[in-house]
Amino acid sequence: MPEIRRGQNAAASAQEGSLWFPAPPWRQRLRRRLLAWYARCARQLPWRDEPTPYRVWISEVMLQQTQVQTVVPYFERFVAALPSVHHLAAAEEEEVLRLWQGLGYYRRGRQLHQAAREIVRRWGGEFPQTLQQWLSLPGVGRYTAGAVLSIALGKRVPILEANTKRLLARLAAYQQPVEGAAGQRYLWQLAQVLLPRKAPGTFNQAMMELGSLVCRPQSPQCAQCPVEALCRARELGLEQQLPRSNARPRWEQRHEVVLALRSRGQVLLQQRERGEWWAGLWDLPRKQIASARAESAQVAGWARELLGVAGFVPRRCFTAQYTVTRFRVRQQVFQAEVANRRAKLPEGARWFPIRRLDQVPLPSPTQKVLRRLGWWE
DNA sequence: AATCCGGGGTA
DNA sequence: TACCCAGGATT
């Protein structure tokens, strides 16, 4: 099989160092086959039904580092609650975070909110039409700007993200690490060169869709690929080896103490500060410690300091574990019933009725702890 | 240009 | 558990 396919291109790919760019006929074939496939196989996704700038922008921000199926319900709930940039700009940050709760990367939610306010303030709620203007908004980088400009505004602007990076690296049989500077530069150029003048947004989406559904990370489905015959990695039998990426760093162990303080059917929560994980969300009081096992006396001291009152003793409850990015965090959960409460709590701390916890934006690991305590759902 | 940042889902 | 995800911001 490979012998048959190995043609004149094999010689060209053997030269290292010189970058490959497709000739116009190759580009035309790619576009035609890709778009025909997309017309047949595209998934129906809520932001595709009605690709207004607002909806596409919201979806693209939600889709940053987040899988499509995860985003769908969040997207529908979000645009139902806040159907326009004016609604978003007028909303409280806490409402935005509540709609974002569970989706992860909460900075995106806060930046989306800030950007909506800027769009209203700077342009009266009209969406910008240039790459420069989009890039000036918080939470909008080259990918997101390109996606909104091409998909919602019909501009000829390329995109590059996880799916198209992999697809392009294979199509071109690019052998260097795709994360490197040279790789990024090359792949962006390639994305630009391939982009048709007509319906660039459809082309960009089709590339992502093909990368996602067919040109998958492991075991790409080459037999079902509309551009298999154009693929240089396939021609070389390298489709499983590419793209090359850099070695990933190892994980790091951390330890935390968590305080579950209850009083009169209420639980003490603290709002995570900016710069912390889950910034803006509400969370059980939580502190990083150096060792694997917390000293009960120190936990008690911390709890008294937090509340400004004494007369209760947190007891060790259970340990929980969660993983975030490259950190593996082991939590020791301490629980206490607080009888006498002081009126004044530290900045950012509040008592919340346990019955109302479903209305509070909480980090996922905290939800798990609250469930084990029997305090939530 | 390289590094840092940071939630969640799944094979 | 390893690997991946429609990246952005910072230095």
Side-chain angles (χ1 to χ4, degrees), chain A residues 42-43 45-48 51 55-75 97 100-112 114-115 134-148 150-152 158-168 177-185 187-188 191 201 203-213 215-220 243 245-252 254 272 274-281 283 321-329 361-368:
Chain A
R43 287 171 292 186
L45 297 172
W47 46 89
R48 287 184 179 160
R55 292 166 61 89
V56 172
W57 171 49
I58 302 296
S59 71
E60 292 303 340
V61 174
M62 286 187 167
L63 286 161
Q64 290 167 10
Q65 297 293 105
T66 309
Q67 301 194 13
V68 170
Q69 326 147 357
T70 308
V71 166
V72 169
Y74 285 91
F75 175 81
L97 288 175
W100 210 269
Q101 194 258 334
L103 194 54
Y105 290 113
Y106 299 94
R107 173 183 297 178
R108 295 181 300 172
R110 288 185 289 115
Q111 290 179 324
L112 190 76
Q114 293 166 22
W134 273 102
L135 288 174
S136 75
L137 293 169
V140 177
R142 192 171 172 188
Y143 165 74
T144 302
V148 177
S150 64
I151 297 169
I159 59 156
L160 187 67
E161 45 69 67
N163 297 306
T164 59
K165 208 178 285 183
R166 181 173 59 249
L167 175 58
L168 290 171
V178 290
E179 310 301 345
Q184 296 281 40
R185 195 165 52 245
L187 294 174
W188 273 107
F203 178 85
N204 282 339
Q205 290 187 86
M207 289 287 282
M208 291 191 279
E209 196 81 339
L210 186 63
S212 172
L213 298 181
C215 198
R216 307 190 308 210
Q218 300 105 352
S219 54
S245 74
N246 300 326
R248 297 170 42 92
R250 295 202 72 69
W251 48 271
E252 184 181 319
R254 286 195 178 175
R272 293 288 131 213
R274 64 172 289 183
E276 293 186 295
W277 293 343
W278 302 288
L281 274 65
D283 193 8
Q321 187 153 315
Y322 66 90
T323 307
V324 44
T325 67
R326 70 178 200 281
F327 300 101
R328 192 168 300 183
V329 183
L362 300 163
S364 294
T366 303
Q367 291 179 15
K368 250 187 272 181

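Proteins come first, then strands; the chains are lettered A, B, ... in the order of their sequence lines, and each starts at number 1.
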Using atom [atom1] of [X] as one end and atom [atom2] of [N] as the other, report the distance to the nearest whole Å.
{"X": "Glu161(A)", "N": "dG8(C)", "atom1": "CD", "atom2": "C1'", "value": "14 Å"}
{"X": "Ile58(A)", "N": "dA6(C)", "atom1": "CD1", "atom2": "C1'", "value": "15 Å"}
{"X": "Leu45(A)", "N": "dA6(C)", "atom1": "CG", "atom2": "P", "value": "11 Å"}
{"X": "Gln111(A)", "N": "dG7(C)", "atom1": "CD", "atom2": "C1'", "value": "11 Å"}
{"X": "Leu213(A)", "N": "dC5(C)", "atom1": "CG", "atom2": "P", "value": "12 Å"}
{"X": "Tyr322(A)", "N": "dT1(C)", "atom1": "OH", "atom2": "C1'", "value": "18 Å"}
{"X": "Leu112(A)", "N": "dG7(C)", "atom1": "CG", "atom2": "C1'", "value": "14 Å"}
{"X": "Gln64(A)", "N": "dA6(C)", "atom1": "CD", "atom2": "C1'", "value": "9 Å"}

With heavy atoms under 4.0 Å as the rule, sort [X] into base, sugar-phosphate or nothing.
{"X": "Arg48(A)", "answer": "base"}
{"X": "Trp47(A)", "answer": "base"}
{"X": "Tyr106(A)", "answer": "sugar-phosphate"}
{"X": "Val140(A)", "answer": "sugar-phosphate"}
{"X": "Gly211(A)", "answer": "nothing"}
{"X": "Arg216(A)", "answer": "nothing"}
{"X": "Pro365(A)", "answer": "sugar-phosphate"}
{"X": "Ala147(A)", "answer": "nothing"}

Original post:
Using a heavy-atom cut-off of 4.0 Å to chain A, what are the terminal contacting nucleotides of DNA chain B, in 5' to 3' order?
Top reply: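 From 5' to 3', the first and last contacting nucleotides are dA1(B) to dT10(B).
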With [X], which residues qualify under side-chain hydrogen bond (donor to acceptor under 3.5 Å, both in side chains), at least two apart?
{"X": "Gln184(A)", "answer": "none"}
{"X": "Thr66(A)", "answer": "Arg108(A)"}
{"X": "Arg48(A)", "answer": "Tyr38(A), Gln205(A), Glu209(A)"}
{"X": "Thr323(A)", "answer": "none"}

Original post:
What closest approach, in Å, do Cys215(A) and Pro220(A) show between heavy atoms, and which atom pair accounts for it?
Top reply: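 Closest pair (atom of Cys215(A), atom of Pro220(A), distance): CA-CB, 4.3 Å.
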Original post:
Can you tell which of Glu161(A), Glu60(A), Gln64(A) makes a side chain to side chain donor-acceptor pair (under 3.5 Å) with Tyr143(A)?
Top reply: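 The passing option is Glu60(A).
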With a 4.0 Å limit, can you tell me whether [X] has a side-chain N or O closer than that to the phosphate oxygens OP1/OP2 of [N]?
{"X": "Arg142(A)", "N": "dA6(C)", "answer": "no"}
{"X": "Arg107(A)", "N": "dG7(C)", "answer": "no"}
{"X": "Arg166(A)", "N": "dC5(C)", "answer": "yes"}
{"X": "Thr144(A)", "N": "dA6(C)", "answer": "no"}

Subject >> Side-chain donor or acceptor of Ser212(A) paired with backbone N/O of Met208(A) under 3.5 Å >> reply: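 No, because the side chain of Ser212(A) does not come within donor-acceptor range (under 3.5 Å) of the backbone of Met208(A).
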Subject >> Spacing of the C1' atoms in dC4(C) and dG6(B) (rounded, Å) >> reply: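 Rounded to whole Å, the distance is 15 Å.
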**OP:** Quote, to the nearest angstrom, the P distance that separates dC5(B) from dA6(C).
**Re:**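 About 24 Å, rounded to a whole number of Å.
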Subject >> First encountered from the 5' end of DNA chain C, between Gly139(A) and Gln67(A) >> reply: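 Result of the comparison: Gln67(A).
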Original post:
Among dT1(C), dG7(C), dA6(C), which is the nearest nucleotide to the side chain of Gln65(A)?
Top reply: dG7(C)
**OP:** Between dA2(C), dA9(C), dC3(C), spot the one nearest the side chain of Gln218(A), thanks.
**Re:**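 Ranking dA2(C), dA9(C), dC3(C) by closest atom to the Gln218(A) side chain puts dC3(C) first.
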**OP:** Could you say whether Ala182(A) or Glu276(A) is positioned toward the 5' end of DNA chain B, judged by the nucleotide with the nearest heavy atom to each?
**Re:**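 Mapping each residue to its closest nucleotide by heavy atoms, the 5'-most match is Ala182(A).
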Subject >> Closest-nucleotide ordering on DNA chain B, the 5'-leading residue of Pro363(A) and Arg185(A) >> reply: Arg185(A)
Original post:
Can you say whether the rings of Trp277(A) and Phe327(A) are parallel (under 30°), tilted (30 to 60°) or perpendicular (over 60°)?
Top reply: tilted
Original post:
Taking only residues two or more places apart in sequence, or in another chain, which ones meet Tyr74(A) in a ring pair (Phe, Tyr, Trp, His ring centres under 6.0 Å)?
Top reply: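 In terms of ring pair (Phe, Tyr, Trp, His ring centres under 6.0 Å), with neighbours along the sequence ignored, Tyr74(A) is linked to no residue.
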